[in-house]
Amino acid sequence: MSLYPQFSFKKHSFDKHSKAHLGELKTPHGSIQTPNFIFCATKAALKSVTTQQAKEAGADIILSNTYHLMLQPGADIVAAHGGLHKMLNWDGPMLTDSGGFQIFSLGHGGVANEIKGRGRPVTEKKMLKINETGALFRSYIDGSMHLLTPEISMEVQRKLGPDFVVVLDECTPYHSSREYMAASMERSHRWAIRSLRAFERHNDGKQALYGIVQGGTYRDLRKISSEFIASQPFFAQAIGGTLGGTKEEMHEIVGMICENLHKDRPTHLLGIGGISDIWNGVEHGIDTFDCVHPTRIARHGCALVNPVEHEGKEHINLFNACYRDDMNPIDATVDCYTNRHFTRAYIHHLLKADELLAGQLLTIHNIAFMTKLARAIRSSIAEGRFSEERKRWVYDR
RNA sequence: GGUGGGAUACUCAAGCGGCCAACGAGGGCAGACUGUAAAUCUGCUGACAAUUGUCUACACAGGUUCGAAUCCUGUUCCCACCA
């Protein structure tokens with residue numbers, strides 16, 4: 001009997017010139033078509049919009065975070081609601097991340113650039129200690145200490161109750177030495193096995209487990225990791241860790257990693273959500289992406305736009321003075337509540353006036369934009385014109 | 001009418017002889033953001049030339065001084081108290 005009786009993944013249409021393909025991912029909370037994008041509700045909130053609004057804007061699947069929710073409000077409170085789906089009023093598929101990314105983000109003093117190799121390496125690790133057992137975190141909320149192990153992460157994720165759960169891993173930054181990267185990868189593999197064992201002990205068929213491929217920027221390490229994760233009975237696989245210092249490097253490394261992944265399993269690219277990055281990922285066979293970028297930049301005043309129509313820029317900043325009297329919608333071709341009813345000038349005004357509504361309207365637009373992008377990718381594969389459609393979205397190529 | 005106090009860049013507000021083109025805050029103008037310690041962070045903000053540069057500036061007009069936003073005199077407004 002399968003570990004995942006209520007889940008399935010089937011690839012069903014293939015691009016002739018790349019590894020791009022369509023897929024159907026079935027879960028107890030319905031099916032989604034891939035390629036697709038997962039929107040981040042890290043702390044059980046899509047930050048500024050309701051799940052209802054996200055659904056109306058086209059979102060198919062969302063994600064929350066184990067670490068944040070175990071600190072606040074605590075897994076038992078979520079369980080008391082009947083799980084994340086009920087608590088968030090979301091009836092579609094859901095995923096929880098394991099907290100592995102926080103081993104990186106909290107371990108490096110909040111230097112989020114670190115993963116991409118920007119800025120200086122930070123050696124001080126004030127927020128956590130990591131060893132074979134797991135990671136000991138100092139809460140960013142009140143400074144209290146919290147242990148996260150593969151077993152605890154699985155237990156918390158079982159209580160949170162999403163469809164997809166993820167093994168605990170260590171997300172390694174760009175500036176790690178090869179030696180550290182290799183040792184960390186091996187430990188993440190051992191954690192993956194422990195996560196799997198813990199998952200199996202309590203498996204009720206309602207959740208499916210993702211393994212995570214590590215190995216940094218090194219081809220041989222990524223190959224080892226891909227093959228190891230593929231050899232274990234995970235439902236799906238995710239690509240984690242650093243992907244290099246530049247976009248070009250990232251695109252190359254993603255392609256390299258994809259060569260050795262399990263061919264029949266859904267593949268998720270963790271934390272990546274740029275427009276060109278998604279086209280590149282899909283081309284190499286990625287099925288799903290998640291990223292805070294669309295919802296975060298919305299709160300910072302930015303709207304996603306087609307880079308081909310904006311000289312390569314993937315977003316515009318509605319704070320900019322040039323939108324003060326712009327009576328157009330952000331993008332009339334992106335069908336959503338924001339674009340149906342409001343002008344750029346109005347959103348510019350809301351931003352200037354420090355009105356929270358600006359972030360909400362921009363978030364709705366950005367969700368709708370990512371949804372439109374995913375649909376464009378899917379229909380282009382279905383209709384055998386993937387590379388043509390790509391040219392309409394990826395600047396100067 | 002008398003006596004005090006005050007007038008500083010778009011705004012508020014420090015400075016009280018040289019280190020002042022002038023702290024700080026707001027505003028303005030940009031930038032960043034990729035498994036969210038992020039409705040956050042960063043830069044610039046008198047003009048012009050754009051590496052040390054030059055000019056115009058701290059109510060207005062004079063003065064003292066090598067040198068003033070800072071001291072003195074007068075003028076104009078504003079505020080408080082007393083008549």
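Each chain gets a letter, A, B and so on, in the order its sequence line appears, and its residues count up from 1. Just the heavy atoms: all of them, side chains too, but no hydrogens, waters or symmetry mates, feed the values below.
At a threshold of 4.0 angstrom between heavy atoms, the contacts of A:His68 are confined to the sugar-phosphate backbone, with no base atom among them. Within the 4.0 angstrom heavy-atom criterion, base atoms lie near A:Gly273. Residue contacts for A:Ser48: at a heavy-atom cut-off of 4.0 Å it reaches no nucleic acid atom on any strand shown. Backbone-only engagement by A:Gln102 is indicated by non-hydrogen atom pairs under 4.0 Å involving sugar-phosphate atoms exclusively. Residue-level contact check: A:Leu95 touches neither bases nor backbone, having no heavy atom under 4.0 Å from any strand. Residue contacts shown for A:Asp97 include a base, since a base heavy atom lies under 4.0 Å away. Using a 4.0 Å heavy-atom criterion, one finds that A:Asn320 contacts the sugar-phosphate atoms exclusively.
In this structure, the NZ atom of A:Lys43 is 12 Å from the C1' atom of B:A39, given to the nearest Å. Protein atom CZ of A:Phe319 is 9 Å distant from nucleotide atom P of B:U40, rounded to whole Å. The CD-P distance, from A:Gln214 to B:G35, rounds to 14 Å in whole Å. Rounding to whole angstrom units, CG of residue A:Leu318 and P of B:A39 are separated by 18 Å. Atom CZ in A:Phe39 sits about 15 Å away from atom C1' in B:G35, given to the nearest Å. Taking atom CZ of residue A:Arg324 and atom C1' of nucleotide B:G27, one finds them 13 Å apart after rounding to whole Å. Rounded to whole angstrom, the span from the CE atom of A:Met70 across to the C1' atom of B:A37 amounts to 15 Å. Rounded to an integer number of Å, the gap from A:Met127 CE to B:U36 P is 15 Å.
A side-chain donor-acceptor contact under 3.5 Å links A:Gln360 to the backbone of A:Ser48. The closest donor-acceptor contact from the side chain of A:Thr217 to the backbone of A:Gly244 lies at 3.5 Å or more, if one exists at all.
In summary, A:Arg375 and A:Asp60 do not engage in a salt bridge, as defined by a charged side-chain N under 4.0 Å from a carboxylate O. Of the charged side-chain nitrogens involved, at least one lies within less than 4.0 Å of a carboxylate oxygen, so that A:Asp91 and A:Lys55 count as a salt-bridged pair. Salt bridge absent: A:Glu151 and A:Arg201 never bring a charged side-chain N and a carboxylate O closer than 4.0 Å.
B:C19 and B:A61: their P atoms are spaced 23 Å apart (whole Å). Of the C1' atoms belonging to B:U42 and B:A47, the separation is 26 Å, rounded to the nearest Å. Comparing B:U76 with B:C60, their C1' atoms sit 7 Å apart, to the nearest whole Å. Straight-line distance between the C1' atoms of B:C48 and B:C12: roughly 28 Å, to the nearest whole Å. Comparing the same atom, C1', in B:C23 and in B:G1 gives a spacing of 41 Å after rounding to whole Å. If you take atom C1' in B:G24 and the same atom in B:A14, they sit 7 Å apart, rounded to whole Å. Atom name P, nucleotides B:G67 and B:C81: the rounded distance is 43 Å, in whole Å. Comparing B:C79 with B:G46, their C1' atoms are spaced 30 Å from each other, to the whole Å.
For A:Val292, taking side-chain heavy atoms from C-beta onward, the closest of the listed nucleotides B:A37, B:G35, B:A39 is B:G35. Taking the side chain of A:His300 as heavy atoms from C-beta on, and the options B:C33, B:G35, B:G31, the nearest nucleotide is B:C33. The side chain of A:Arg296 approaches B:U34 more closely than any other nucleotide in the set B:U34, B:A39, B:A30. Closest to the side chain of A:Cys291, from the set B:C29, B:A39, B:G35, is B:G35. Checking B:C33, B:C29, B:A37 against every side-chain atom of A:Ala321, the shortest atom distance belongs to B:C29.
The shortest distance between the side-chain N/O atoms of A:Lys247 and the OP1/OP2 oxygens of B:U34 is not below 4.0 Å. Taking 4.0 angstrom as the limit, A:Asn317 places none of its side-chain polar atoms (N or O) nearer than this to OP1 or OP2 of B:C33.
When all heavy atoms of A:Ile239 and A:Cys258 are compared, the closest pair comes out as CD1-SG, 4.3 Å.
The partner of B:A7 is B:U76, judged by Watson-Crick or G-U wobble contacts that both fall below 3.5 Å. Shown here, B:G24 forms a base pair with B:C12; the pair counts as Watson-Crick or G-U wobble because both key distances fall under 3.5 Å. If you check B:U42 for Watson-Crick or wobble pairing at under 3.5 angstrom, you find it paired to B:A30. When both distances must be under 3.5 Å, the Watson-Crick or G-U wobble mate of B:G1 is B:C82. The partner of B:C66 is B:G18, by the rule that a Watson-Crick or G-U pair needs both atom distances under 3.5 Å. In this entry B:A47 has B:U54 as its Watson-Crick or G-U wobble partner, both defining distances falling under 3.5 Å.
Other residues, nucleotides and ligands contribute more than 12 heavy atoms inside 6.0 Å of the CD atom of A:Glu388.
Taking 3.5 Å as the limit, the base of B:G35 and the side chain of A:Asn65 contain no donor-acceptor pair of atoms between them. Residue A:His293 places no side-chain atom within donor-acceptor reach of the base of B:C33, judged by atom type and a 3.5 Å distance cut-off alone. Looking at A:Lys47, its side chain has no donor and acceptor atom pair within 3.5 Å of the base of B:U40.
Between the side chains of A:Tyr180 and A:Glu170, at least one donor-acceptor pair of N or O atoms lies under 3.5 Å. Side-chain N/O atoms of A:Thr333 and A:Lys372 include a donor and acceptor closer than 3.5 Å.
Where A:Leu46 and A:Gly301 meet RNA chain B, the nucleotide closest to each residue was compared, and A:Leu46 sits on the side nearer the 5' end. The residue among A:Arg299 and A:Thr295 whose nearest nucleotide of RNA chain B lies closer to the 5′ end is A:Thr295.
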